[in-house]
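Source: prediction; values computed, not measured. Each chain gets a letter, A, B and so on, in the order its sequence line appears, and its residues count up from 1.
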Amino acid sequence: MAVIIDKDNVILVQGITGKQGSFHTAQMLAYGARVAAGVSPGKGGWEVHGVPVFDTVAEAVEKHPITSSIIFIPAPGVKDAALEAMSAGIKTLVIITEHVPLHDELDIMAYAEKLNVTVIGPNTFGIISPGQSKMGIMPNSIYTPGPVGVVARSGTLSYEIAYNLTVNGIGQSTVVGLGGDRVVGLSFTDVLEKFERDPETKVVVVVGEIGGNAEEEAALYIRQMTKPVVAFLAGRSAPPGKRMGHAGAIIERGKGTFASKVAALTAAGAKVAVLPWEVAELVKEALEG
Amino acid sequence: MAVIIDKDNVILVQGITGKQGSFHTAQMLAYGARVAAGVSPGKGGWEVHGVPVFDTVAEAVEKHPITSSIIFIPAPGVKDAALEAMSAGIKTLVIITEHVPLHDELDIMAYAEKLNVTVIGPNTFGIISPGQSKMGIMPNSIYTPGPVGVVARSGTLSYEIAYNLTVNGIGQSTVVGLGGDRVVGLSFTDVLEKFERDPETKVVVVVGEIGGNAEEEAALYIRQMTKPVVAFLAGRSAPPGKRMGHAGAIIERGKGTFASKVAALTAAGAKVAVLPWEVAELVKEALEG
Amino acid sequence: MKLYEYMGKDIFRREGIPVPRGKAFFSPEGVADFVSGLPSAVVKSQVLSGGRGKAGGIKFPGTPAEAEAAAGELLSTVIKDLPVHAVLVEERLQIDKEYYVAITVDGARRKPLVIASAHGGVDIEEVAEEHLVKMHVDVHAGLQPYFGREVARRMGLPPDEARQLSQLLVKMYHLFRTYDAELVEINPLVVSGNQLVAADAKITLDDEASFRFPDWLPRVEERTEKEQRAAEIGISFVELGGDIGVMANGAGITMATLDMIHHFGGSPRNFMDAGGGAGTEATARALEILLSTNPKAILVNIFGGITRCDDVARAFARVKETVGIPVPIVIRLVGTNEEAGVEILKQQGINAYRTVQDAVARAVELAAGKEAI
Amino acid sequence: MKLYEYMGKDIFRREGIPVPRGKAFFSPEGVADFVSGLPSAVVKSQVLSGGRGKAGGIKFPGTPAEAEAAAGELLSTVIKDLPVHAVLVEERLQIDKEYYVAITVDGARRKPLVIASAHGGVDIEEVAEEHLVKMHVDVHAGLQPYFGREVARRMGLPPDEARQLSQLLVKMYHLFRTYDAELVEINPLVVSGNQLVAADAKITLDDEASFRFPDWLPRVEERTEKEQRAAEIGISFVELGGDIGVMANGAGITMATLDMIHHFGGSPRNFMDAGGGAGTEATARALEILLSTNPKAILVNIFGGITRCDDVARAFARVKETVGIPVPIVIRLVGTNEEAGVEILKQQGINAYRTVQDAVARAVELAAGKEAI
């Protein structure tokens, strides 16, 4: 078992003929993910790494039993691609693209809410259920199946954490990247709820960072969880008031600070690590406890 | 029992301080309908026939256990009023106003679908469940409780039919006016399904007219119904190609003609009356059969 | 409100939808000059009804002088009872293919509907169902480019045309929504040297939204003078040609009243729906319109709901006292404020009927010349 | 992109939001002339940071000549490190009441959020929670007039002001959506003789949507020259002041890398997120920016995902071979195409680390002047 995607997941790649779409289609296939079709307007009839390409999502879903789609379209076309996938009936959507306009994200999320679609991203590394399926740009080699659910705001940081777990012999049920933008499809809480219900997941790792109040909100739910939670937080040393890369990471007036997040998570019963290599140890303790 | 509204219906009147809103609030109160509150921007604190007036729907629903709203707002403000009611959580909406712009109707219906709201109208006489509740502009005196469900496109024509039933000693469970516009909230089929499920309704009367294909579509559902259906159709003598009052009543190229409607309804097992006074007789036969 | 082709193309141009070079003329003056700047020209009479080509309303002049002559000729013709007040002079397109595309409202589904076909250039009613592409738009999503690509795929268009059609549909939908259109139709949508071009433009705007039409948009009037007078007071009026003047309140009941007149062997002079809560003033003016058609008898069928019987009765009293009612009149009056209405009429010597069949039967008798009560 | 007040008010004017009569000046010339047409005037320096009033950036001249002098004075000042390039000269409003109103995006709810208060004119962060009205907008409904009436009710406004606020919010929302705004804020929204007037205008547009900003809108630049160079190649760069130059791929991992440097007793010179799949060219230019800050050592922490290790390695090879890398450099390299990347670096004599703690510890040692490997 796993959350959101498992071995029955049949994938569509939107933007499959582009550089990233084509490269990561090969990586997903190499991982064993079931990539059934791709879409690229005007390129219907092509093949990319043996995967058939269609002009529209409607045509692809007509001809293949697609369950989810991953989007590698340049930012200005992401809203169009996302609405296309949703209106064609796709219920799980992973949007890798970064720099998607904020208002396009608002439109995408409103439509996803209307049609009950799970959106991962935008600006995410994606999602992987090790040994079952992968929709994303994460390296194939750093995961192994197991009992730990991981949910992260930030991509590379989650690789570091997952890699550390794997190196220490601890596998993952599913690793989910929420995405680094101000508006993304899932919150920590949304994913924590799924992990809480997933019988295979025994411990959950939350990879957060300074800025915003997503971790503080997650803490409210963590209080009610039966499963142990280990959190890692980046940004302890960040100077206040500076914008660090993405919108989440602004520290202002005592909100979203490192200290407030540590306090909220600790009070909720989570163990908080502040160096990446501490996570595996805390998880091991939680698994054994 | 009845469909859509019954004795537990608690009504809000939007546009209660206007001429029509005020007049029909009095009529609804006289009928025994539970009109709990009214809305009229800038007139919060007023009373109309003893009914308290609020500035916004949100305030009214905060203070009264409203279940439905009836709109008497001039056409340009109907979209605003309808979206206000829906966003405040009201799930049954009756829109009396005529001349509502078509695109506003599209917006209202899309939002109603999103929020699962039942919309009656626009351009309707409303809905009455005799002896229980009334939201509309129909005369109070012409209905009596009983086993016949009536659904009509056209207001006055339905009065004629209901009056004839009452005069002949046949009561009604609920009388619903779909509304005369091209885009309205309910179809004949939507209401027929409710009557089919309502234990108190024994026979259903469909009051239709030439133009459009609403009656032909209804016929598809009537085939599956267990309850007898009597239909009345107006427009047998109408000349082709003339626009008769509202958009529904255009006859073109053999579609939506009197003959095609009669054929469809008859084939579906409905009895079709072409003079108003024949309806009561056919209903009586159906009730006895 | 239906727009003339030249008005539709003006709007297309504003919205970035490709149209041929062209200009509307209300007199032949200047046509030759304009045409001399075009490789070849077409002169099209501007009428609201279809089939103007078959009616001789489109000319293909060989020279600028011929074009000016053609314009003059068309501007002096009458097509289907309507004088031609304008011609559109356009560059004549090379036509490689003809498609059809339209956006309208599907009332049954309560959504905008796109209809398209690779078989354009003919009456769309004559195109076989399997050659029509029909797709509904969710107004919450809007019409996004993907929608156009899917329409193009179902039409079987090649990639470059698909890309153009997608852009075109996004613009058509924008027009459809921002101008309160009931219909935006391009037939034919021409492929001319690899470019999609709107060779015709048919736009119908929703009259109910006229209060927010742009100021610069001319108003187009299609009604007869009597229908226009009725429309001004919010009443639907259609002339039919029989001898019984009819007034009722509500489109359905009015149609049913006409049916009943026929049933009793009579013949209605008109359809008049005075419904929607018309007050005394509007009802009086409606009655005057009715009288101006010189019927042999008048039948009034009012079932008061939002319309109030006393308002209606007062209108009849007023007209009787001022201009007079010189023909036999039969009034059926029930519903809201019925007693007050009946009383007012009684004071005018009019006995109102309660039962519709009695009233209709009596009106038919009176029109047939049987003695008055 | 933050807009200057005068730009925001230009947009307000286009959208029909009431603003005081006013004009932006980039030199004092013409100010006296303009002010002589106003009953009384205010001269406001145009800066992007808050608190310009306390910093002396707002003047209330008594005469047109004084206004021109005030403009000249303000145009030669520097507020919070930024030279004032423009002043806005406006009619001075009679202020009866001051409100606050803003539209922004609530990321947690994924919806536009309207924030309003009857306690305006002060820093909104200082207004008590119970005096704030917060309501989310459903983009499928849009912000309709009723929404503004409900905001006004919760603010406790009288009917006429409620009506005006409702109209104002509809227009603000239209602006917010059509201009891709992150924030539209009016503080104070002034009641001046029964009229609501926007006395200030704060608009921040979403940089990610800059490709569709209107052509006439000037671009406003707030970054330092190095940050600007980094932004041009799609890289986030913030100067911090320590001695270890840092490059990593991803905002989170970069912050974590800074944390680890602190953990080992070091001090980072900068934040540089070279993530998002930067190729060889962008990475090479990012490294050059890093070198231009003269760090004592450089720490590179790459965990390849969409970023490919061989691309990164090739960038280091290129810079080393061309401009050279005159400081000690520690590279941690794992993930996509790791073997190829490690091999390329080896040919340059650089041994890549696999484990982040070893790499960070080593970089801190090197910056502290401990001998190189």
At a 4.5 Å cut-off on heavy atoms, which part of [X] comes close to chain C: side chain, backbone, both, or neither?
X        : answer
B:Ser141 : neither
B:Val207 : neither
B:Leu275 : side chain
B:Ala75  : neither
B:Ile161 : neither
B:Val167 : neither
B:Glu160 : both

Looking at B:Val274, B:Asn140, B:Asp104, B:Asn213, which has the largest count of heavy-atom pairs under 4.5 Å with chain C?
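Max contact count across the listed options: B:Asp104.
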At a 4.5 Å cut-off on heavy atoms, which part of C:Val105 comes close to chain B: side chain, backbone, both, or neither?
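For C:Val105, the contact with chain B is made by backbone and side chain together.
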Is C:Pro268 in contact with chain B via its backbone, its side chain, both, or neither, using a 4.5 Å heavy-atom distance?
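Answer is neither: C:Pro268 stays 4.5 Å or more from chain B.
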Would you say that B:Pro76 contacts C:Arg212 through its side chain, given a criterion of any heavy-atom pair below 4.5 Å between the two side chains?
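No, side chains not in contact.
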Are side-chain heavy atoms of C:Glu185 and C:Tyr100 found at a separation under 4.5 Å?
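Side chain of C:Glu185 against side chain of C:Tyr100, heavy atoms only: contact under 4.5 Å found.
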Establish, yes or no, whether a centroid distance under 6.0 Å links the rings of B:Phe125 and B:Tyr159.
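Yes, the ring centres sit under 6.0 Å apart.
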Can you tell which of C:Glu338, C:Arg109, C:Arg332 has the highest number of heavy-atom pairs within less than 4.5 Å of chain B?
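Going by pairs under 4.5 Å, I would pick C:Arg332.
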Closest-packed option against chain B by number of heavy-atom pairs under 4.5 Å, given C:Asn337, C:Ile235, C:Asp206, C:Asp259
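Of C:Asn337, C:Ile235, C:Asp206, C:Asp259, C:Asp259 has the most heavy-atom pairs under 4.5 Å with chain B.
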Distance (rounded to the nearest 0.5 Å) between B:His103 NE2 and C:Phe176 CZ:
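Taking NE2 in B:His103 and CZ in C:Phe176, the distance rounds to 4.0 Å.
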Step through the shown structure and confirm whether more than 12 heavy atoms of other residues, nucleotides or ligands are within 6.0 Å of NE2 on C:His174.
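No - once you tally the heavy atoms of other residues, nucleotides and ligands closer than 6.0 Å, there are 12 at most.
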Per the salt bridge (charged side-chain N to carboxylate O under 4.0 Å, His left out) rule, what does the pair list look like for residues 108-119 of chain B, sequence neighbours excluded?
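Pairs touching residues 108-119 of chain B that pass the test: B:Glu113-C:Lys111, B:Lys114-D:Asp138.
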Set of residues satisfying side-chain contact (heavy atoms from CB on, under 4.5 Å) with respect to B:Ala264, sequence neighbours excluded:
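By the side-chain contact (heavy atoms from CB on, under 4.5 Å) rule, B:Ala264 matches B:Glu216, B:Ala219.
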Please evaluate residues C:Glu182 and C:Lys2 with respect to the criterion salt bridge (Lys or Arg N to Asp or Glu O under 4.0 Å), reporting the C-alpha separation (whole Å), side-chain torsions for both, the decisive distance (0.1 Å), and the verdict.
CA-CA 9 Å; C:Glu182 287 178 15; C:Lys2 283 186 186 172; over 6 Å; no
